[in-house]
Amino acid sequence: MLTEQEISRHWRKLFKDTKVTDEVITKAESLLDELRPESPLRHRLDMELGELRKLSAARN
């Protein structure tokens with residue numbers, strides 16, 4: 001199990017200079033699954049992922 005700090009670091013690396021693809025979204029969802037359901041970080045990253053999905057869909 002990863003710590004919140006490690007997940008945050010992986011999250012930044014995952015989206016840095018990367019096009020949002022289905023593979024990237026799947027990896028991001030896996031990171032979210034590592035966090036407790038009540039975690040504020042999980043909520044924030046889940047909201048961020050939703051926005052990234054919308055932006056990706058709008059580009060395509």
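Annotation: the span from Trp11 atom CH2 to Lys27 atom NZ amounts to 13.0 Å, rounded to 0.5 Å. Atom CZ of residue Arg12 and atom CD1 of residue Ile7 lie 12.0 Å apart, to the nearest 0.5 angstrom.
Side-chain atoms of Thr26 come within 3.5 Å of backbone N or O of Asp22 as a donor-acceptor pair. Between the Glu34 side chain and the Leu31 main chain, no donor and acceptor come within less than 3.5 Å of each other. Under the 3.5 Å distance criterion, the side-chain polar atoms of Thr18 are matched with a main-chain donor or acceptor of Lys16.
Side-chain contact between Val20 and Ile25 is present, with at least one heavy-atom pair separated by less than 4.5 Å. For the pair His43 and Met47, the minimum side-chain heavy-atom distance is below 4.5 Å. Taking the side chain as every heavy atom from C-beta outward, Leu41 and Leu45 approach each other to under 4.5 Å.
Checked against Glu4 for a salt bridge (charged side-chain N to carboxylate O under 4.0 Å, His left out), the options Arg36, Arg44, Arg42 give a single hit: Arg36.
Residue Gln5 qualifies as open at atom CD: its count of foreign heavy atoms under 6.0 Å is 12 or below. Heavy atoms from other residues, nucleotides or ligands lying under 6.0 Å from CE of Met1 number more than 12.
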Might you work through the salt bridge (charged side-chain N to carboxylate O under 4.0 Å, His left out) test for Glu29 and Arg53, ending with a clear yes or no? CA-CA 12 Å; Glu29 289 170 341; Arg53 283 183 180 128; 2.2 Å; yes
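With respect to Arg9 and Glu6, no salt bridge is recorded, no charged nitrogen being found less than 4.0 Å from a carboxylate O.
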